[in-house]
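One structure is given below, encoded as structure tokens.
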Amino acid sequence: MKDIIPENRGIPAEIFERILMKYNRSSAIRSMGFKLVYLGQGRAGLQLKVNEDFLNTLGSLHGGIITAMADTSMGYALQTLGGIAVTLELNVNYFAPVQAGMIITSEGWVVHAGKNTIVTEAALFSEQGDMVCKSRATFFVIKDQ
């Protein structure tokens with residue numbers, strides 16, 4: 001997978017740059033191989049080319065990596081609104097296995113942004129368009145814009 005230059009889909013430049021700076025500093029995101037594709041108002045997209053280091057004992061992508069990708073895309077989606085929040089609760093439904101070499105895409109979006117909590121959702125898809133998982137999370141706001 002070639003290097004991806006994240007696209008700004010209409011959020012303020014200072015928020016876009018702040019999120020990019022955090023993304024570039026995150027050793028966890030780098031080690032898992034998540035690539036930031038875009039940031040839009042209340043939305044974020046990531047991609048991952050699955051390598052063999054993250055396969056489970058059945059030979060498919062470990063559910064923890066799928067969950068981390070969903071959580072990360074939802075977290076970036078809420079950061080596009082300008083605040084900072086931490087995951088309070090997260091639900092994941094897995095639908096299809098992912099094999100080494102596949103590229104999956106995660107789309108995260110904000111469903112509701114309240115004063116103290118933000119509700120988000122994410123969906124992950126294979127290159128073939130199959131839904132890999134659907135996730136929903138509640139985040140606790142620790143810093144408003």
Side-chain angles (χ1 to χ4, degrees), residues 1-114 117-142:
M1 189 165 71
K2 65 179 180 143
D3 281 338
I4 296 172
I5 298 172
E7 177 186 354
N8 183 342
R9 294 187 181 172
I11 64 172
E14 75 241 13
I15 293 174
F16 183 76
E17 293 302 322
R18 183 170 57 233
I19 295 170
L20 281 183
M21 186 174 61
K22 290 179 186 179
Y23 165 76
N24 288 324
R25 285 194 326 232
S26 176
S27 58
I29 290 171
R30 275 195 314 276
S31 69
M32 288 184 274
F34 301 161
K35 303 292 183 188
L36 184 60
V37 176
Y38 73 88
L39 297 167
Q41 190 69 19
R43 300 188 77 80
L46 300 172
Q47 276 192 343
L48 170 68
K49 182 170 183 179
V50 178
N51 74 50
E52 293 184 5
D53 294 337
F54 296 113
L55 300 183
N56 61 26
T57 58
L58 299 174
S60 59
L61 183 61
H62 192 285
I65 300 298
I66 293 170
T67 301
M69 190 173 184
D71 185 46
T72 301
S73 65
M74 291 183 287
Y76 282 139
L78 71 84
Q79 287 180 46
T80 66
L81 303 179
I84 299 172
V86 293
T87 309
L88 187 62
E89 172 273 335
L90 182 122
N91 171 272
V92 180
N93 291 296
Y94 302 98
F95 301 121
V98 179
Q99 307 303 320
M102 292 175 71
I103 295 174
I104 58 173
T105 301
S106 179
E107 307 252 349
W109 60 92
V110 173
V111 174
H112 172 76
T117 60
I118 298 172
V119 178
T120 60
E121 291 185 346
L124 278 68
F125 296 91
S126 71
E127 294 170 271
Q128 294 76 28
D130 298 323
M131 187 178 288
V132 171
C133 88
K134 182 83 187 273
S135 183
R136 184 175 182 95
T138 303
F139 289 79
F140 180 74
V141 177
I142 59 173

Rounding to 0.5 Å, atoms CE (M74) and CG (L90) come to a distance of 4.5 Å

Hey, what do you get for CZ (R43) to CD1 (I11), rounding to the nearest 0.5 Å?
13.0 Å

Taking the side chain as C-beta and beyond, is there a heavy-atom pair between [X] and [Y] under 4.5 Å?
X	Y	result
F34	I65	yes
L61	I104	yes
Y76	L46	yes

Out of T67, L48, I29, which one pairs with T72 under the side chain to side chain contact (heavy atoms under 4.5 Å, CB included) rule?
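The single option meeting the side chain to side chain contact (heavy atoms under 4.5 Å, CB included) with T72 is I29.
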
Quick check: closest heavy atoms across [X] and [Y], and the distance to 0.1 Å?
X	Y	result
V110	L78	CG2-CA, 3.7 Å
F125	V132	C-CG2, 4.0 Å
K35	Y23	CA-OH, 3.3 Å
C133	Y94	CB-CA, 4.1 Å
N24	R30	O-NH1, 2.7 Å
M102	Q128	CE-OE1, 3.8 Å

Step-by-step side-chain contact (heavy atoms from CB on, under 4.5 Å) determination, Q41 to L81
CA-CA 7 Å; Q41 190 69 19; L81 303 179; 3.3 Å; yes

